[in-house]
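Please read the structure below before turning to the comments.
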Amino acid sequence: VTTDNDETCELLIEYFTPRLREYIAVERVLDHIHFIEAEQKEQIAQKLRAEGNNLAADLLISAVIKKPHTPGWFRAFVDALRHSGCEYAADYIQVKLPEPEVEAENDYCVRLVEILSPSLVDINTNDVCLLCFSEDGRRMHSSITAETNNRGNMNGARELLKRIVRGRPGWFSQFVEILRKTEHQFLYQLTGGSPDSDKQATIFVVLVYILNLGLLSDLYKEASTESRQSRQSLEPSQPDGANPEAASGGPEKADISLRDYQVDVAKPALEGENIIICLPTGSGKTRVAVYITKKHLDGRRAEGQSGKVVVLVNKVPLVEQHYSTEFLPFLKHAYKVERVSGDCQLKISFTEIVKHNDVIICTAQILENFLERACSGEDEGVKLSDLTLIIIDECHHTQKEGVYNHIMMRYLKQKHKNKRLKKEQKEPVPLPQILGLTASPGVGGATKTEKAVDHILQICANLDASNIMTRRLREHKKEPRKTTVTVEDRKMDPFGDVIKKIMNAIHNHAQLIPTSDLGSQNYEQWVVQTERKAAKEEDQKVRVCAEHLRQYNEGLNLSNTIRMCDAFNFLNKFYMEELKKKTTTDQEQIIKITESERFLFNLFKDNKQELQKLTENPAYENDSLSKLRTKILQEFSTRTEARGIVFIKTRRSAIALSQWVQENTKFADIGVKASHVIGGGDQSVVKPMTSAEQKDVLTKFHNGDINLLIATTVAEEGLDIPACNFVIRYGVATNEIAMIQAEGRGRAEDSSYTVVEVKNSGVAEKEFVNEYRKDMMYKAIDKIRTLKQEDYDKKITEFQYQAIMEEKVRNKKKKQEVIKNESPSKVKFRCRGCATHVCTGDDIQIIEDMHRVNVTAQFSKRFIRRENTSRKEQLLDYEVNGFIACKDCGQKWGSIMSYRGVECPCLDVKNFVVTVSDKTISKFTKWSELPVKFPAFDYAEHARQMVESSDDDETE
């Protein structure tokens, strides 16, 4: 076959692309290839950094065969392959093909090294490397030595293995002989080395042996040499969630490979100590936890004892994420792994789940509930002594009244009881080992390093940690480029002026004097307090005006953040819903409208046309949105494959911003595919996302079906976001923990982190303060790590005793509150909308310790029923299929839930003004804040009454 014709050369390269992808080392070839333009080389290099050698090789091959060709391009490509140590790849495109049996044997050898790589990375890299390369390979020897010196022996070994498997057939025999010469006797025998062995037979036997052990799994089953996964075991260990499998746990991964810094931070935990691992987002904390889990279980099994590991997370989506992408793939070959969350039916049998599995991933509240059951004697529940290791994800939440801290307070109390038991020569209660994971413990609002030290020590004490293990990792992970984009105030804002005019008219009507600028956060707080005060005092005029002012303030914020049309649509929808409340579905009968409500409806109606017309003039849009548009366009037009996240403050603005991107043709032209992800809690009036919906969006983001994610803070912490190359915080800044979490979402090389200012947000100033606090946090951690162990232990003990004493004081107060609890008959409920008496506490019963229902005949006459326009929500034994509202004013009161075939009106306390023993309280947002114990719902009695009533009707 001649290679003088360009077309023939192109066909050869295309035909052998699957082989070339395996045997080309892109980084080295780029140094020797000169007919590709510098800009294209940089794109290939970025692809290599972001997505690995195989995909970068595809891009390199496309660049090589791209027309028009420069004279001698094919020979130059062959020379580049040779000079970069890729002789085997050069042989293929010159049709110097090995015999089929030689090629098959070489493939076996490559796979054997891949399978044994977890053991082979323990070689003395410098000694082996010295004998691996001839004089022509001294440059490769130097680069591997540099990798070993800079990033540790294991990373150097991985680099060496990646290079030698790309050599010509025969490399394996040389490598085995080098292992013998460098006195790696165990590895020499492991790879089939023996003076009198038949090489090919030995390789085959070793492979069959490994297959029988179940170690090869999907790696060997993917016989195609095109498989990307066939190289993964030789790559450095990936950060949390990299390249996840969508199936139930993905392919089995029998061995866990850690980077040197990961091994370092894990060491105390491997020796059984309680520690906190503090590593930046994207540096593989979860992978370290899986490794520690495996070693913990292996160790106990070797000693003839069972192990029980519980992994605690603080968000439902994290349960499935940790289960399917980390713990299950690595542990399922040897241990039983299960997950349980609040929206999973398995939670009702959690005790059995713990008994019959080795590793359980669950939300922290589930464990706390079952610990409480065991403590109260309600049923068997779960005890801390049943567990041998607890892993707490995002452990910086282990403070104050958080559920993590409730669990750890049980632990600390038992720990100090055990000290007393030992003194009394009694058997102490066994306690599990504790492992905390965090990217940032924060500083707790501290303004001085000493206070930051105390804050972090308190978290260490709460977790009973003997040490906080950390690495800054600047040598392993570049921090993203940070910029702040400032904006100018609008020269003209007629849309905002009209809204402010309306708000001032409402102030005058209700005789209110605001204490802050309209549109600000402080104004929002003032309005909320005004509404609560008015509801308590039964001042319906002020209450309804305050509620409408809150909506207009949100409209102003939307106008300053997104488009004027988004603000208008929000306000228009609000008024349509308010008018809808004043009608019944059956007779379209008008419900009572007060003078103030009529004033508010007419005020919006009178200004509606002007507001709508102003939304059509783009000259009046805010500058922030313009700057955001420019930044997104810049990221997508300057990167080969852009993928980013925009963090925004509210759910409503996230949805609106996502819609804006989708409707903008400029974004579509450069390939922007946007969607939003918001929280799953129901505190907001905006419909929350279910965990399934969140998972669907994030899966599409992983797969590239979505490349721009508009997210609230739900994506800042913990959720598995793939390697992004840009992050934008759009008018939102919280604390240093959130900032560090958001920065960590930009995991790819050459990533950027941009803060875009929005009017009234103060985000630039907050970001500056957060940077200062981040530096303070690292200084505080360094200071803690320099403490002598006895000084550290003394401080930890002091903090623990303080925490226990504070807990006792809180419990004493709670007991006093329980004693003070009035009879339910002393509790009265009035409609928040019109102050009409609704019911007393005697009328209320509770279902499953959660849902407060009123099934009395009198109550049913006081509300109207509205159907739920969204899909019905099915939850275990009950479903929500409508809601109830005040018959007089249309104020929503709660929902209709169908419980085991019985329809029960379920009340939401935030919709009522509550009077307890003649003391009026208007600020309850959830039932747990109301110190009244209601009786359990008597299902049998209620069902009996319904059956009897039905029989009477039939008799008549």
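- Contact of the Leu81 side chain with the Ile93 side chain is registered, since non-hydrogen atoms from C-beta on lie closer than 4.5 Å.
- With rounding to the nearest 0.5 Å, the separation of CG in Asp58 from CD1 in Ile44 is 11.0 Å.
- No side-chain donor-acceptor contact under 3.5 Å links Ser752 to the backbone of Phe726.
- Looking only at side-chain heavy atoms (C-beta outward), Lys96 and Arg168 stay at 4.5 Å or farther from each other.
- The closest donor-acceptor contact from the side chain of Lys673 to the backbone of Gly704 lies under 3.5 Å.
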Report task. Could you check Ile36 against Leu60 for side chain to side chain contact (heavy atoms under 4.5 Å, CB included), going step by step and ending with a plain yes or no? Result -> CA-CA 9 Å; Ile36 297 178; Leu60 171 64; 3.7 Å; yes
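- Between Arg287 and Glu326, at least one side-chain nitrogen of the basic residue sits less than 4.0 Å from a carboxylate oxygen of the acidic one, meeting the salt-bridge criterion.
- A side-chain contact (heavy atoms from CB on, under 4.5 Å) with Asn153 is found for exactly one of Asn126, Thr125, Asp122, namely Thr125.
- Distance alone, capped at 3.5 Å, is enough to place a donor-acceptor pair between the Asn703 side chain and the Thr699 backbone.
- Remark: the backbone N or O of Asn725 is not paired with any side-chain donor or acceptor of Glu635 at under 3.5 angstrom.
- Of the charged side-chain nitrogens involved, at least one lies within less than 4.0 Å of a carboxylate oxygen, so that Asp107 and Arg19 count as a salt-bridged pair.
- To the nearest 0.5 Å, atom CG of residue Leu97 and atom CZ of residue Phe16 are 4.5 Å apart.
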Query raised in the report: Passes side chain to side chain contact (heavy atoms under 4.5 Å, CB included), Thr293 versus His296? Steps please.
Result: CA-CA 5 Å; Thr293 298; His296 173 84; 5.6 Å; no
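- Minimum interatomic distance between Ala269 and Ile292 (heavy atoms only, all atoms of both residues): CB-CD1, 3.6 Å.
- By the 4.5 Å heavy-atom criterion applied to side chains, Gln634 and Arg639 are not counted as neighbours.
- Taking CD from Glu14 and CD1 from Ile65, the interatomic distance works out to 4.0 Å, rounded to the nearest 0.5 Å.
- Under the 4.5 Å side-chain criterion, counting only non-hydrogen atoms from C-beta, Trp171 is not in contact with Cys132.
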Using distance only, find each side-chain donor-acceptor pair of residues 174-181 under 3.5 Å and give its atom names and separation, not counting sequence neighbours.
unit_1	atom_1	unit_2	atom_2	d
Glu177	OE1	Arg180	NE	3.2
Glu177	OE2	Arg180	NE	3.0
Glu177	OE2	Arg180	NH2	2.3

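- Panel note: side chain Gln94, backbone Ala90; a donor-acceptor pair is recorded below 3.5 Å.
- At a threshold of 4.5 Å between non-hydrogen side-chain atoms, the residues Thr286 and Phe327 count as touching.
- A pairwise comparison of heavy atoms in His702 and Arg643 identifies O-NH1, 3.3 Å as the closest pair.
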**Report entry** Verdict with reasoning, Phe74 to Asp6, per side chain to side chain contact (heavy atoms under 4.5 Å, CB included)
**Finding:** CA-CA 8 Å; Phe74 182 76; Asp6 283 352; 5.9 Å; no
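- Tested against Leu120, the residues Leu112, Val113, Val128 include a single side-chain contact (heavy atoms from CB on, under 4.5 Å) partner, Val113.
- Residues meeting the side chain to side chain donor-acceptor pair (under 3.5 Å) test with Asn124, sequence neighbours left out: Asp127.
- The backbone N or O of Val78 sits nowhere less than 3.5 Å from a side-chain atom of Arg82 that would complete a donor-acceptor pair.
- Between Ile33 and Lys41, the closest side-chain pair of non-hydrogen atoms falls below 4.5 Å.
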Query - Test log, rule salt bridge (Lys or Arg N to Asp or Glu O under 4.0 Å), inputs Glu37 and Lys66 - result: CA-CA 12 Å; Glu37 294 179 0; Lys66 183 181 178 182; over 6 Å; no
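- Environment of CD in Glu27: sparse, with no more than 12 heavy atoms of neighbouring residues, nucleotides or ligands closer than 6.0 Å.
- At least one donor-acceptor pair under 3.5 Å links the side chain of Asn53 to the backbone N or O of Ile24.
- No side-chain heavy atom of Gln40 sits less than 4.5 Å from a side-chain heavy atom of Glu42.
- Ring planes of Tyr23 and Tyr92: parallel class, angle under 30° (limits at 30 and 60°).
- Between Ala674 and Val661, the closest heavy-atom pair is CB-CG1, 3.5 Å.
- Considering CG of Leu709 and NZ of Lys700, their distance stands at 12.0 Å, rounded to 0.5 Å.
- Gln43 pairs by the side chain to side chain donor-acceptor pair (under 3.5 Å) definition with nothing, not counting sequence neighbours.
- Taking the six-membered ring for Trp, Phe330 and Tyr335 have ring centres at least 6.0 Å apart.
- Contact detail for Val288 and Ala266: the closest heavy-atom pair is CG1-CB, 3.7 Å.
- Under the 3.5 Å distance criterion, the side-chain polar atoms of Arg471 are left unmatched by any main-chain donor or acceptor of Gln262.
- Counting only heavy atoms from C-beta outward, the side chains of Cys9 and Phe77 never approach each other to under 4.5 Å.
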Requested in this report: Please lay out, stage by stage, how Phe701 and Ile645 fare under the test side chain to side chain contact (heavy atoms under 4.5 Å, CB included).
Outcome: CA-CA 10 Å; Phe701 193 50; Ile645 307 176; 4.2 Å; yes
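- Residues Gln694 and Val677 come closest through the heavy atom pair CG-CG2, 4.0 Å.
- Looking only at distances, no side-chain donor or acceptor of Asn707 sits under 3.5 Å from a matching main-chain atom of Val672.
- From Ile361, atom CD1 reaches atom CG of Leu328 across 7.5 Å, with rounding to the nearest 0.5 Å.
- Closest of all the heavy-atom pairs between Pro169 and Tyr88 is CD-CE1, 3.4 Å.
- Rounding to the nearest 0.5 Å gives a distance of 7.5 Å between CG of Leu48 and CG of Leu30.
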